[in-house]
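These notes concern the structure reproduced below.
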Amino acid sequence: MITAGLAHNFELYSRLDAAIDATVRRNADRNDLESRFPKENLKALADVGWTGVLSETRFGGLGLGHVDFAEAAYRLGQIDASTGLVYVMHVGAAQTINLYGNDDQKERWLKAKNGTLLGTYSTSERATGGHWWYNLSEASRDGDDYLIDAKKSFTTSSGQADFYVVQTRTRGAKDQADIVFFIVHGKSPGIESKPWNALGVRANHSGPIRYNNVRVPRRDRLGAEGQGKEIIYNGVSPVNLIGLGAVWEGLARGALNAAVKHTESFVHKDRNKRLADYQAIRQELGAAKVLVESVRPWRLELATRLDELWRAGKPQSEILIPLTEFKVHAAEVANEVAGAALTVTGGYGYRRGPIERFFRDARAAIAMGPSNIIARDWIGKSLVGLPLELFYEGGE
């Protein structure tokens, strides 16, 4: 269903839905079973322009906003969270280039090959765990070029992306907030990725990646040296948080839809009753429905606010905490609803298939950065007037 605010893009949404129905839905279970990267799904989305949802039309994009991006992530999440997460990380990487890149970079990375290049973030490091924004790795200089030596612990589309938006420190950085970003070609010599084998979102390939003195030309530095903290706050985090929350909302909706469909169709022949005819089942479904419906209005409000800030040239980090709250809530709703779907469908839901996959995928929502544990501490600190202390003890 397209809301009134989205109706002017009816044709674009029709193409998106057609790509999801024809390709993403068909591949979802197989990709999960085989831990198979969803290349065909991303190509189908690129073919209808949606991988460039936030990019300007002059750089091959659709020129839309965060409301549309989040809606696309939500629709993907209903069918396949793995594809949804790959999509969110790609759009996030592209948006970071939109905000902090120059025209040359946009031409070469966003517009090239009819906008089909796949990008992703590469930020978190094993040494700092869930504190993905805090890097110990460094990039040294070799003439005009940079050399990146870094071990990244979780990079969605690892080994699959055409380019990585990589975050690190410069050699001789003044302190931990002296961060720099680069656009790194996915086939650069020295990049090593390892297999991804996980409980859920098995197709998104969020495996470790190693940059062994990978050479990056100066023209692919994103923004200025030392500007990385600003990019994290205003470029990486806002689009990532709204996108992640939208995928988890979609997963919750997909799990609920699958559970309702089963309870309406399965009949106990001994009593001649559908599962949906039992009050206990209906109460579980009703509680899940209330949770799912709590997410959408919040998503639309925050995405609209992001678009307003973007148009006004204001820092999108103005709503960092509300976006964090949204991600936490959407993740918890996804887990609650997926659990309820498994409960009401019994053995049918427990066996391998969409409902079981929703249940496993939903667990990733709790851990993905910022994890819900870390995020709730941020929220609590802001509530009682304490600084976040992301880079400095005692705050900025």
Side-chain angles (χ1 to χ4, degrees), residues 32 35 37-38 69-70 73-74 76-78 80-93 95-96 119-126 128-135 152-158 160-161 164-165 167 196-209 232-233 235-252 254-255 295 298-299 302 320-339 357-379 388 390:
D32 172 73
S35 194
F37 189 74
F69 159 58
Y74 163 73
L76 287 167
Q78 289 184 62
D80 179 23
S82 285
T83 299
L85 295 178
V86 172
Y87 178 74
V88 165
M89 296 303 170
H90 163 76
V91 174
Q95 179 65 353
T96 305
T120 193
Y121 288 127
S122 190
T123 57
S124 61
E125 298 182 359
R126 182 175 178 81
T128 53
H131 299 163
W132 62 265
W133 56 90
Y134 198 112
N135 295 147
K152 299 295 184 177
S153 49
F154 296 101
T155 293
T156 297
S157 306
S158 173
Q160 304 291 332
Y164 301 94
V165 173
Q167 167 190 322
W196 169 245
N197 188 14
L199 173 69
V201 291
R202 288 172 46 79
N204 80 340
H205 284 224
S206 288
I209 192 167
I232 289 171
Y233 276 119
V236 174
S237 298
V239 67
N240 187 53
L241 289 168
I242 195 70
L244 288 180
V247 169
W248 304 130
E249 179 200 351
L251 185 151
V295 187
W298 201 359
R299 164 168 58 90
L302 289 172
L320 180 62
I321 293 301
L323 286 166
T324 303
E325 294 167 352
F326 170 71
K327 182 269 177 183
V328 169
H329 181 62
E332 292 176 349
V333 166
N335 277 267
E336 288 283 341
V337 174
R357 173 166 54 84
F358 284 136
F359 184 78
R360 287 185 289 104
D361 287 353
R363 189 61 199 173
I366 301 296
M368 288 192 72
S371 72
N372 279 22
I373 291 175
I374 290 173
R376 282 196 294 266
D377 188 43
W378 290 1
I379 296 162
L388 293 184
L390 299 188

Problem set entry | Minimum-distance pair of heavy atoms, taken over all atoms of S35 and W196 | OG-O, 3.2 Å
Seminar exercise, completed: Here the pair of heavy atoms bringing G245 nearest to A330 is O-CB, 3.4 Å
Seminar exercise, completed: Contacts of F326 meeting ring-ring contact (aromatic ring centres under 6.0 Å, His included) (sequence neighbours excluded), chain-then-number -> W298
For this session: Not counting sequence neighbours, which residues clear side-chain contact (heavy atoms from CB on, under 4.5 Å) with A362? List them please.
Result: L251, A334, N335, A338
For this session: Please say which of L241, I374, L388 ends up in a side chain to side chain contact (heavy atoms under 4.5 Å, CB included) with T324.
Result: L241
For this session: For T83, check side chain to side chain donor-acceptor pair (under 3.5 Å) against everything at least two apart and list the hits.
Result: N41, D80
Exercise. What residues, two or more places apart in sequence or in another chain, satisfy side-chain contact (heavy atoms from CB on, under 4.5 Å) together with S158?
Worked result: T155, S193, I209
Problem set entry | Which residues share a side chain to side chain donor-acceptor pair (under 3.5 Å) with Y121, sequence neighbours left out | T96
Problem set entry | Where A246 and A70 come nearest, the two heavy atoms and their spacing | CB-O, 3.3 Å
Exercise. Is the shortest heavy-atom distance from the side chain of M368 to the side chain of V201 under 4.5 Å?
Worked result: no
Problem set entry | Those residues that, when tested against R376, pass side-chain contact (heavy atoms from CB on, under 4.5 Å) (two or more places apart) | V328, E332, N372, I373
Problem set entry | Counterpart residues, side-chain contact (heavy atoms from CB on, under 4.5 Å), relative to F37 (two or more places apart) | K39, V86, L118, S157, Q160, H205
Problem set entry | salt bridge (Lys or Arg N to Asp or Glu O under 4.0 Å) involving K152 - partner list, sequence neighbours excluded | E125
Exercise. Is a side-chain N or O of W133 found less than 3.5 angstrom from the main chain of I232, in a donor-acceptor match?
Worked result: no
For this session: List in chain and number order the residues that pass side chain to side chain donor-acceptor pair (under 3.5 Å) with T156, two or more places apart in sequence or in another chain; answer none if no residue qualifies.
Result: S206
Exercise. Is there a side-chain contact between I242 and K327 (heavy atoms, below 4.5 Å)?
Worked result: no
Problem set entry | Closest non-hydrogen atom pair between P38 and A203, with its separation | CD-O, 3.0 Å
Exercise. So, do V247 and L76 sit near enough that their side-chain heavy atoms are less than 4.5 Å apart?
Worked result: no
Exercise. By side chain to side chain donor-acceptor pair (under 3.5 Å), which residues pair with S153, not counting sequence neighbours?
Worked result: S124
Seminar exercise, completed: When every non-hydrogen atom of G119 is compared with those of A93, the smallest separation belongs to C-CB, 4.1 Å
For this session: With sequence neighbours excluded, give me every side-chain hydrogen bond (donor to acceptor under 3.5 Å, both in side chains) pair touching residues 236-252.
Result: E249-R299
Exercise. Counting heavy atoms not belonging to F154, are there more than 12 under 6.0 Å from its CZ?
Worked result: no
For this session: Quick one: which residue pairs count as a salt bridge (Lys or Arg N to Asp or Glu O under 4.0 Å) with a foot in residues 359-372, not counting sequence neighbours?
Result: D32-R360, E356-R360
For this session: Decide yes or no on side-chain contact (heavy atoms from CB on, under 4.5 Å) for F358 and V337, but give the supporting numbers first.
Result: CA-CA 9 Å; F358 284 136; V337 174; over 6 Å; no
Exercise. Within a reach of under 6.0 Å around CZ of F359, are more than 12 heavy atoms found that belong to other residues, nucleotides or ligands?
Worked result: no
